[in-house]
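All values reported here derive from a predicted model rather than from experimental measurement. Along the sequence shown, residues carry numbers from 1.
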Amino acid sequence: NRAAQKIDAAMMSRIKILALTLTLVVSTSLASGQCPDDVTSGCTCDDDTTLYAQCIDTNLTQIPTDLPTKVIDLKLTGNDIASLTDVTYTMLRKLYLIGNKVKVIKPNALQMLADLQILILDDNELVSLEGSMFTGLHNLEILSLEHNAISHLAPGTFNGEELNNLIFVKLGYNKLTGIDSAPFHELQSLIHLSLISNDILTLGDFNDASSLPALQILHLDNNQILTL
């Protein structure tokens, strides 16, 4: 029992750290200097290393292709990006696409981002999720898709072989109406799942602990659930 309590405590500590990290990284600007002269996309970069870049409210319609290839942290908040195709910054660890117009993530568009740990797609226009959207993201730990219009999770959306390190999924403020644990069954590392402020009427087998063995936190606030 003591061993189990220690494991649970370690998991909760990790969740708290990741949640705090998520809050801080979304709100903090790291790149305020000039990018190299050949960058024409209106972005700013970290002066010393060019590991951090941000292109905020610059009217971009696609992810820029002229940033330094070693960038690890890229913020593209408040642009007009409608689709993601072939993101090639292979050293990326954090990618923020908050407040764009993303409706489409092309199959395998992110497959070169094997080191990506955080992907934030809040405030976009996604209506459904497909498994091919997240191919190759073996090191992804945090996936946030809040404030979209998602009403459908296709079978295989969260492929356990691809997303074997995913521990935190945020799907709040979407249009999900009925859900069970099936779309998440393969996520054996999933600790925290947020489904707040959807239109969920029914829950399936979330009471079956064996379906999501690592799950510690399930947020269901502000739904229409009548019975559990």
Side-chain angles (χ1 to χ4, degrees), residues 22 60-65 67 69 71-77 79-195 198 200 204 211-212 214-215:
L22 182 57
L60 293 172
T61 57
Q62 61 183 12
I63 293 180
T65 58
L67 294 171
T69 57
V71 65
I72 63 170
D73 186 312
L74 178 57
K75 293 182 174 66
L76 297 166
T77 303
N79 286 288
D80 298 317
I81 299 169
S83 65
L84 302 184
T85 58
D86 299 328
V87 184
T88 58
Y89 297 109
T90 57
M91 297 180 69
L92 270 182
R93 295 179 188 170
K94 302 173 185 178
L95 177 59
Y96 308 91
L97 285 150
I98 303 166
N100 279 272
K101 298 177 180 178
V102 178
K103 295 180 180 179
V104 176
I105 301 175
K106 296 287 188 181
N108 306 317
L110 306 174
Q111 66 178 343
M112 297 180 68
L113 308 184
D115 291 330
L116 195 69
Q117 297 172 345
I118 298 175
L119 175 60
I120 312 298
L121 282 158
D122 297 348
D123 290 303
N124 280 283
E125 299 176 12
L126 292 165
V127 297
S128 65
L129 300 181
E130 311 285 340
S132 59
M133 291 179 173
F134 306 115
T135 300
L137 301 182
H138 300 290
N139 284 299
L140 192 67
E141 294 190 346
I142 297 175
L143 174 63
S144 187
L145 295 151
E146 294 195 322
H147 294 283
N148 279 270
I150 298 166
S151 61
H152 177 64
L153 304 180
T157 293
F158 300 109
N159 184 311
E161 293 184 5
E162 298 287 346
L163 300 170
N164 53 306
N165 284 301
L166 189 59
I167 64 173
F168 194 171
V169 175
K170 300 181 74 176
L171 280 165
Y173 305 96
N174 280 287
K175 296 184 177 180
L176 296 168
T177 57
I179 195 164
D180 59 28
S181 65
F184 310 100
H185 272 177
E186 296 185 32
L187 299 179
Q188 297 298 296
S189 298
L190 185 65
I191 298 173
H192 188 157
L193 175 61
S194 176
L195 297 165
N198 278 273
I200 297 172
S211 63
L212 291 167
L215 191 68

Quiz prompt | ring pair (Phe, Tyr, Trp, His ring centres under 6.0 Å) partners of Phe184, counting only residues at least two apart | solution = Phe158

Quiz item: If you measure from CD1 on Ile105 to CZ on Phe134, what distance do you get to the nearest 0.5 Å?
Solution: 5.0 Å

Quiz prompt | Euclidean distance, Asp122 CG relative to Leu145 CG, rounded to 0.5 Å | solution = 7.5 Å

Quiz item: Can you tell me if Gln188 uses its side chain to pair, donor with acceptor, with the backbone of His185 under 3.5 Å?
Solution: yes

Quiz item: Under 6.0 Å from the OH atom of Tyr89, do we count more than 12 heavy atoms belonging to anything else shown?
Solution: yes

Quiz prompt | Least distance between heavy atoms, Ala109 atom then Leu84 atom | solution = CB-O, 3.3 Å

Quiz prompt | Closest heavy-atom pair and its distance - Val87, Met112 | solution = O-CB, 3.8 Å

Exercise. Indicate the atoms forming the closest heavy-atom contact of Asp73 with Val71, along with that distance.
Key: O-CG2, 3.5 Å

Quiz prompt | Contact summary for Leu126 and Lys103, nearest pair of heavy atoms | solution = CD2-O, 3.5 Å

Practice problem: To the nearest 0.5 angstrom, please state how far the CG atom of Leu187 sits from the CG atom of Leu193. | Solution: 9.0 Å

Practice problem: Please name the pair of heavy atoms, one in Thr157 and one in Leu163, separated by the smallest distance, quoted to 0.1 Å. | Solution: O-CD1, 4.3 Å

Practice problem: Check whether any side-chain heavy atom of Leu76 sits under 4.5 Å from a side-chain heavy atom of Pro64, and report yes or no. | Solution: yes

Practice problem: Determine, step by step, whether Leu195 and Ile179 satisfy the side chain to side chain contact (heavy atoms under 4.5 Å, CB included) criterion, reporting the C-alpha distance in whole Å, the side-chain angles of both residues, the deciding distance to 0.1 Å, and the verdict. | Solution: CA-CA 10 Å; Leu195 297 165; Ile179 195 164; 4.0 Å; yes

Quiz prompt | Any residue meeting side-chain hydrogen bond (donor to acceptor under 3.5 Å, both in side chains) with His152, in chain and number order, not counting sequence neighbours | solution = none

Quiz item: Is the side chain of Glu162 donor-acceptor paired with the backbone N or O of His138 at a distance under 3.5 Å, no angle test?
Solution: no

Self-check item: Separation between CG of Asn198 and CD of Glu146, rounded to the nearest 0.5 Å
Solution: 9.0 Å

Quiz item: Looking only at heavy atoms, which two atoms of Leu212 and Ser181 are closest? And how far apart?
Solution: CD1-CB, 4.0 Å

Self-check item: Whether Asp115 side chain and Leu92 backbone form a donor-acceptor pair below 3.5 Å
Solution: no

Quiz item: Is Asn148 reaching over with its side chain to a backbone N or O of Asn174, donor-acceptor style, under 3.5 angstrom?
Solution: no

Quiz item: How many angstroms lie between CG in Leu166 and CG in Leu140, if you round to the nearest 0.5 Å?
Solution: 5.5 Å

Self-check item: SB check Lys101 Glu125 (cutoff 4.0 Å)
Solution: no

Quiz prompt | Side-chain heavy-atom pair Met91, Thr69 within 4.5 angstrom cut-off | solution = no

Quiz item: Quick one: does Thr135's side chain have a donor or acceptor within less than 3.5 Å of a partner on Gln111's backbone?
Solution: no

Exercise. State the CG-CG distance between Leu119 and Leu113, to the nearest 0.5 angstrom.
Key: 8.5 Å

Quiz item: Would you say the side-chain atoms of Asn79 pair up with the backbone N or O of Asn100, donor to acceptor, closer than 3.5 Å?
Solution: no

Quiz prompt | Contact check, side chains of Leu129 and Leu171, non-hydrogen atoms, under 4.5 Å | solution = yes

